[in-house]
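Every heavy atom of this structure was used, including side-chain atoms; hydrogens, water molecules and symmetry mates were not.
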Amino acid sequence: MARNVVISGGGTGIGLAAAQVFAAEGDRVLLLGRRAGVLEKAGVPGALTYAADLGDVDAVRGVVGFVERELGTVDVLIHGAGGNGQLEPGVTSGDALAAVAHHWTVNFRLNLLTAALLTEGVKDRLASPGGRVLFVSSIAAYRGSGSGAYGAAKAGLHPYAHDLARELGPRGITVNVVAPGYVEDTEFFGAAIDPARRERLVGDTVTGRAGTPGDVAATLHWLASVGAGHVTSQVVQVNGGAERGH
Ligand SMILES: NC(=O)c1ccc[n+]([C@@H]2O[C@H](COP(=O)([O-])OP(=O)(O)OC[C@H]3O[C@@H](n4cnc5c(N)ncnc54)[C@H](OP(=O)(O)O)[C@@H]3O)[C@@H](O)[C@H]2O)c1
């Protein structure tokens, strides 16, 4: 039976790859992101789109209303929205501490607040039983990423997922986290990644390659399957072994 799948960050990268996998199965997909044009051009067959900044309470109220009207029930909720803040506007003042506060606030907002607001907004609409909530964390939650704030924000998703899994388990809903390593073909690193950094990140893997959005989408799809119904409150790493260190 076709499911209703809501995907934040669904217009690009990992979220888009997930949308394509679910849509290919005949599921009805709703793509969320801030840029309406990107969502509309995503080219996911039959997808609904709604542009909203998910770090904004009123904007999330708009999403919740749209979900109520257009979908009714949410079978799968995937939180792909996020980033390390490098693509966001910087601070205008030259004050160093103000820049630190800005960087940490931006990362908290992009990676945690977006996920918490959307989850809490549609929680009552999750299919019961059978609903799935999936967060996208990062290897940075385990190893850091060099900026402190990004990994800290991603790590914050893990206890939230555990609390939600406990809360929603009695309703037959699972809650899990997928934590990718370095993934190419996304907008995460902006126009291009520094070649030396890319080489180091690929060198950390035992597979000798970068991750693809499809790698992560396949794991999300499995966690959303009926067969994964007893997998909950877990963090699944998709990183070619990079978290272990070599
Ligand atoms: N690429 C990697 O190597 C990597 C590794 C580990 C984890 N991740 C995580 O994977 C997730 C997907 O990222 P990606 O790699 O696919 O990069 P991406 O292409 O930059 O995707 C991030 C998406 O999030 C959306 N977004 C950001 N802030 C938002 C907000 N406030 N409200 C609504 N949508 C928002 C963006 O669209 P708009 O800008 O239009 O809003 C964009 O579509 C992120 O959580 C990222 O942290 C990525």
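Between Pro213 and Thr186 there is a side-chain heavy-atom pair separated by less than 4.5 Å. Taking the side chain as every heavy atom from C-beta outward, Val29 and Ile7 approach each other to under 4.5 Å. Annotation: side chain of Arg109 is in contact with side chain of Asp53 (closest heavy-atom distance under 4.5 Å). No side-chain heavy atom of Asp27 sits under 4.5 Å from any side-chain heavy atom of Asp75.
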With side-chain contact (heavy atoms from CB on, under 4.5 Å) as the test, would you mind laying out the steps for His79 and Thr114 before giving the verdict?
-> CA-CA 8 Å; His79 297 283; Thr114 53; over 6 Å; no

In sequence, state the C-alpha distance, the side-chain angles, and the governing distance for Glu167 and Lys123, and then conclude on salt bridge (Lys or Arg N to Asp or Glu O under 4.0 Å).
-> CA-CA 11 Å; Glu167 176 186 342; Lys123 203 161 68 177; 2.8 Å; yes

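Listed by first and then second residue, the ring pair (Phe, Tyr, Trp, His ring centres under 6.0 Å) pairs involving residues 21-65 are Phe22-His221, Tyr50-Phe66 (not counting sequence neighbours).
The two atoms that bring Val106 and Gly85 nearest to each other are CG1-CA, 3.9 Å, heavy atoms only. Residues Gly181 and Ile139 approach most closely at CA-CG2, 3.8 Å, considering heavy atoms. Residue Ile14 comes nearest to Pro180 through the heavy atom pair CD1-CG, 4.2 Å, listed as atom of the first residue, atom of the second, then distance. The nearest pair of heavy atoms linking Arg34 to Leu110 is NH1-CD2, 4.3 Å. Heavy-atom minimum distance, Ser233 versus His162: OG-ND1, 2.8 Å. Nearest heavy atom pair, residue Ser8 against residue Ala81, reads OG-N, 3.0 Å.
Members clustered with Phe188: Tyr150, Tyr182, Phe189, Ile193, Leu201, Val202, by chain and number, using a 4.5 Å side-chain heavy-atom cutoff among hydrophobic residues.
Atom OG1 in Thr205 sits 9.0 Å away from atom CG in Asn239 (nearest 0.5 Å). Leu30 CG to Thr49 OG1: the interatomic distance, rounded to the nearest 0.5 Å, is 7.5 Å.
Shown here is Glu88, whose CD atom has more than 12 heavy atoms of other residues, nucleotides or ligands within 6.0 Å.
Under the ring pair (Phe, Tyr, Trp, His ring centres under 6.0 Å) criterion, His158 pairs with Tyr142, sequence neighbours left out.
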